[in-house]
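Reading through the structure tokens given below for one structure.
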Amino acid sequence: MIRVRFAPSPTGHLHIGGARTALFNFLFARRNRGTFILRIEDTDEVRSTPESVGGILEGLRWLELDWDEGPEIEADGSGVKLTGRENGDFGPYFQMERQDLYRKIATQLLSEGKIYRCYCTAEDLESMRRHAQLSRIPFKYDGRCRELSEDAMRGKAASGEPHVLRFRMPQEGATQFKDLIHGDLSFENNLLDDFIIVKSSGIPTYNFACVVDDHFMKISHIIRGDDHLSNTPRQVRLFLSLGWEVPIFAHLSMILGPDGSRLSKRHGATSVEEYKSLGYLPEAMRNYLALLGWSTSDSQQIFAPGELAQKFDLEHCQKNPAAFDAQKLLWMNVTYIRGLADPELLERSLPWLEGAGFWNSKTAPPKERLRAIMRLEKEKYRLLSDIPKLLDFFFQEPKFDPQAVEKVLNAENASQVLTDMLAELGKLDPFTAKSIEENARRYAADKKIKNGAVFHPLRVAVSGRTQGPSLFEMIEMLGQTVVLGRIRSALQLPR
RNA sequence: GGCCUGUUCGUCUAGCGGCCUAGGACAUUGCCCUCUCAAGGCAGAGAUCACGGGUUCGAAUCCCGUACAGGCCA
């Protein structure tokens with residue numbers, strides 16, 4: 001039975017890297033008819049926030065990475081909310097609610113002598129660290145509390161001195177584990193120190209809580225970023241000393257910024273939330289993220305719905321880090337937008353049209369008309385947020401681009417052309433793209449001027465700019481009354 | 001500083017000993033189409049497979065070293 005998990009710390013937004021890890025876990029689960037579990041690792045008391053939990057869940061939901069077990073949420077218009085209930089038989093899925101379990105396991109380990117109390121203070125550790133630095137050897141806890149005498153131990157315990165719990169790491173041999181991406185890996189034990197499993201506050205450390213949860217949640221495969229690779233031998237050691245079966249690992253390479261350094265804010269948007277509000281489509285995001293560090297043998301780029309879950313495998317995951325390429329993401333978004341059927345595209349862009357004040361559910365314009373307008377520029381939308389920007393002149397008076405006015409409307413003959421066309425278009429019936437075009441071309445031919453000398457001023461007059469949809473369809477869509485009005489206004493423009 | 005992992009066009013990647021005079025995609029260049037901008041079509045440029053040694057009849061592919069990058073512990 002395949003069981004995988006995504007285990008974010010709610011200390012910030014859902015990062016691109018986290019989203020990719022979640023995606024790979026999700027795809028692996030779906031591909032193998034396994035279970036995808038969401039666990040919240042909130043043991044960092046100071047940095048964890050409920051807002052982060054909400055944000056992360058919302059991001060996952062937006063990407064449609066639906067988890068089979070974990071916190072239950074309900075969605076309303078404004079976002080997702082925790083219900084306080086959970087799905088799955090292996091909860092709770094918040095680590096802070098699993099303290100009793102960690103304590104129980106720690107007690108057991110202590111009684112078996114596999115861990116020990118360490119009373120070293122921060123100052124003690126600091127001096128060890130300095131010492132190590134001075135003698136240019138790597139810092140490693142020296143294990144001085146490892147063999148405290150019974151008496152000393154009892155004394156310290158009686159006086160209630162604060163202590164941590166440390167794992168008794170074997171000093172010889174090696175620890176190996178299976179990694180589906182890197183192959184079998186082996187680490188020398190003597191390089192690992194007696195790491196802390198419970199802090200003096202009584203809160204378990206990441207390495208400990210993670211192992212306990214992965215065991216009790218029956219996780220079969222741990223798929224995570226390779227920044228955890230160095231932690232893995234410690235965790236394997238814990239599994240072993242508890243007599244638990246060790247899961248199979250898969251360490252994903254990191255995602256880097258375009259300059260090759262770790263992806264961070266200075267590279268631009270790094271959270272899923274930002275991409276959502278920028279106007280990216282979740283399916284484009286998923287597709288792009290899937291291809292960061294994974295590929296098929298034929299380098300397929302675009303995947304139909306469900307196809308990723310069908311084809312995904314860990315064997316084709318890249319070992320080396322991948323640079324995040326915003327340009328390719330954008331291309332992918334364009335591809336997906338174009339692939340959307342018109343009604344679907346309209347539904348998706350309604351929030352943006354509404355945001356721009358071009359639509360609302362009461363005053364319309366009717367969706368039929370919106371769809372027709374949107375179709376005019378469909379191949380030009382890179383982001384959903386481009387749509388209102390590109391189409392604004394259909395909904396409001398054009399904002400004249402000064403350069404366009406200077407270059408086109410102030411050109412020789414432009415006023416004459418517009419004046420003539422005003423008359424021509426005024427008597428045109430029917431007012432269709434076809435009739436408008438025939439009329440404009442005939443006019444140019446009669447006057448022996450270039451088509452462009454007619455078309456360009458018309459375009460700027462009705463839309464305010466030099467770039468836009470097919471001129472005649474645009475004019476038809478605007479309608480005779482509006483077009484005549486706009487040409488008149490353009491003729492009044494200060495020169 | 002130690003350890004770990006990695007290194008194929010600018011970028012994402014295919015490749016798992018002969019099919020590679022290295023394939024695809026994004027970006028890029030030119031041309032065509034054209035009422036603008038796009039889109040589309042066609043053509044092109046771009047990687048001595050990090051470097052140096054081996055192993056082999058034969059290596060991008062296997063082994064060793066070096067360099068560089070990233071990660072973890074500090």
Side-chain angles (χ1 to χ4, degrees), chain A residues 17 125-126 128-141 175 179 181-183 185-193 195-196 206-207 225-234 251-263 287-302 315-335 337-338 376-382 386 390 401 404 407-408 433 436-437 440-441 444 450-460 462-463 465-475:
Chain A
L125 290 168
E126 189 45 47
M128 268 180 241
R129 198 166 294 146
R130 254 200 309 275
H131 188 76
Q133 223 157 33
L134 247 44
S135 35
R136 318 199 108 249
I137 53 170
F139 170 75
K140 185 179 152 188
Y141 175 66
T175 300
D179 188 304
I181 296 172
H182 294 268
L185 260 19
S186 175
F187 292 74
E188 295 294 322
N189 290 337
N190 61 27
L191 295 165
L192 273 20
D193 65 354
F195 62 98
I196 299 172
Y206 162 74
N207 278 323
D226 71 7
D227 47 341
H228 289 291
L229 202 48
S230 311
N231 276 322
T232 304
R234 293 178 232 279
H251 286 97
L252 270 18
S253 60
M254 298 277 87
I255 297 178
L256 308 178
D259 59 355
S261 72
R262 209 200 222 296
L263 188 64
N287 195 149
Y288 178 69
L289 251 23
L291 255 23
L292 263 189
W294 175 78
S295 60
T296 57
S297 11
D298 61 350
S299 286
Q300 180 176 350
Q301 300 295 315
I302 301 292
E315 289 70 30
H316 282 86
C317 285
Q318 202 74 9
K319 293 198 238 319
N320 45 308
F324 188 81
D325 183 357
Q327 243 169 354
K328 186 154 181 179
L329 205 213
L330 200 57
W331 165 79
M332 207 159 261
N333 207 52
V334 172
T335 308
I337 286 182
R338 268 191 231 146
L376 256 27
E377 290 278 69
K378 189 167 180 181
E379 70 283 354
K380 241 173 275 181
Y381 309 138
R382 290 146 56 245
D386 287 341
L390 254 20
D401 167 17
K407 235 181 94 187
V408 181
I436 298 160
E437 177 165 7
R441 285 186 190 278
K450 283 193 215 152
N451 286 335
V454 180
F455 299 166
H456 298 322
L458 265 179
R459 172 181 297 285
V460 175
V462 301
S463 74
R465 51 183 152 215
T466 54
Q467 308 174 354
S470 162
L471 178 64
F472 311 107
E473 290 180 47
M474 170 167 96
I475 290 179

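Residue numbers start from 1 in every chain, and the chains themselves are labelled A, B, ... in the order their sequence lines are given, proteins ahead of strands. Quantities reported herein were computed from a predicted structural model and do not represent experimental measurements. Quick note: numbers below take in every heavy atom, side chains included, and nothing from hydrogens, waters or symmetry partners.
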Base, sugar-phosphate alone, or nothing: which one does S470(A) contact when heavy atoms must sit under 4.0 Å apart?
base
Just checking Q318(A): base, sugar-phosphate only, or nothing, at a heavy-atom cut-off of under 4.0 Å?
sugar-phosphate
Hunt down the Watson-Crick or G-U wobble partner of A27(B), both distances under 3.5 Å, from any strand shown, or write none.
none
Output the single nucleotide from U36(B), A14(B), C26(B) whose closest atom is nearest the side chain of S295(A).
A14(B)
What does S297(A) touch in the nucleic acid at a heavy-atom separation under 4.0 angstrom: a base, only the sugar-phosphate, or nothing?
sugar-phosphate
Can you tell me the distance, in whole Å, between the CG atom of D298(A) and the P atom of G24(B)?
13 Å
Taking only the side-chain nitrogens and oxygens of R465(A), find out if one of them lies under 4.0 Å from OP1 or OP2 of U36(B).
no
Closest to side chain of N320(A), choosing from U7(B), A14(B), A39(B)
U7(B)
State, to 0.1 Å, how close F472(A) and A433(A) come at their nearest heavy-atom pair, and which atoms those are.
CB-O, 3.5 Å
Heavy atoms under 4.0 Å, any strand shown: does G452(A) hit a base, just sugar-phosphate, or nothing?
nothing
Starting from the C-alpha separation in whole Å, work towards a yes-or-no answer on side chain to side chain contact (heavy atoms under 4.5 Å, CB included) for D193(A) and F195(A).
CA-CA 6 Å; D193(A) 65 354; F195(A) 62 98; 4.2 Å; yes
Report the distance from atom CG of D226(A) to atom P of U5(B), rounded to the nearest whole Å.
11 Å
Among C26(B), U13(B), G15(B), the nucleotide that comes nearest once only the side chain of K328(A) is considered
C26(B)
Give none if C35(B) has no partner; otherwise give the nucleotide forming a Watson-Crick or G-U wobble pair with it, both distances under 3.5 Å.
none
Nearest to the side chain of R262(A) - C12(B), A39(B), C72(B)?
C72(B)
Let's see if you can work this out: which of A14(B), C35(B), G70(B) has an atom nearest to the side-chain heavy atoms of L256(A)?
G70(B)
Report which part of the nucleic acid H316(A) touches: base, sugar-phosphate, or nothing (heavy-atom distance under 4.0 Å, all strands).
sugar-phosphate
Among the candidates G71(B), C26(B), C35(B), find the nucleotide nearest to the side-chain atoms of W331(A).
C26(B)
With a non-hydrogen cut-off below 4.0 angstrom, is G293(A) in contact with a base, only sugar-phosphate, or nothing?
sugar-phosphate
Remember a base hit wins even if backbone is also touched, and classify Q301(A) as base, sugar-phosphate or nothing at under 4.0 Å, heavy atoms.
base
Regarding H251(A), tell me which of base, sugar-phosphate or nothing describes its non-hydrogen contacts under 4.0 Å with the strands shown.
nothing
Base-pairing assignment for C19(B) (Watson-Crick or G-U wobble, both under 3.5 Å):
none
Can you tell which of U5(B), C26(B), C12(B) lies closest to the side chain of L229(A)?
U5(B)
So which nucleotide from C72(B), C4(B), U13(B) ends up closest to the side chain of R234(A)?
C72(B)
Complement of C9(B), any strand, by Watson-Crick or G-U distances under 3.5 angstrom
none
For L292(A), answer base if it contacts any base atom (sugar-phosphate contacts may also be present), sugar-phosphate if it contacts only those atoms, and nothing otherwise; contact means non-hydrogen atoms under 4.0 Å.
sugar-phosphate
Report the nucleotide, chosen from C4(B), G6(B), C35(B), that has the shortest atom-to-atom distance to any side-chain atom of K319(A).
G6(B)
Measure from the side-chain heavy atoms of F472(A) and tell me the nearest of C35(B), U36(B), G24(B).
C35(B)
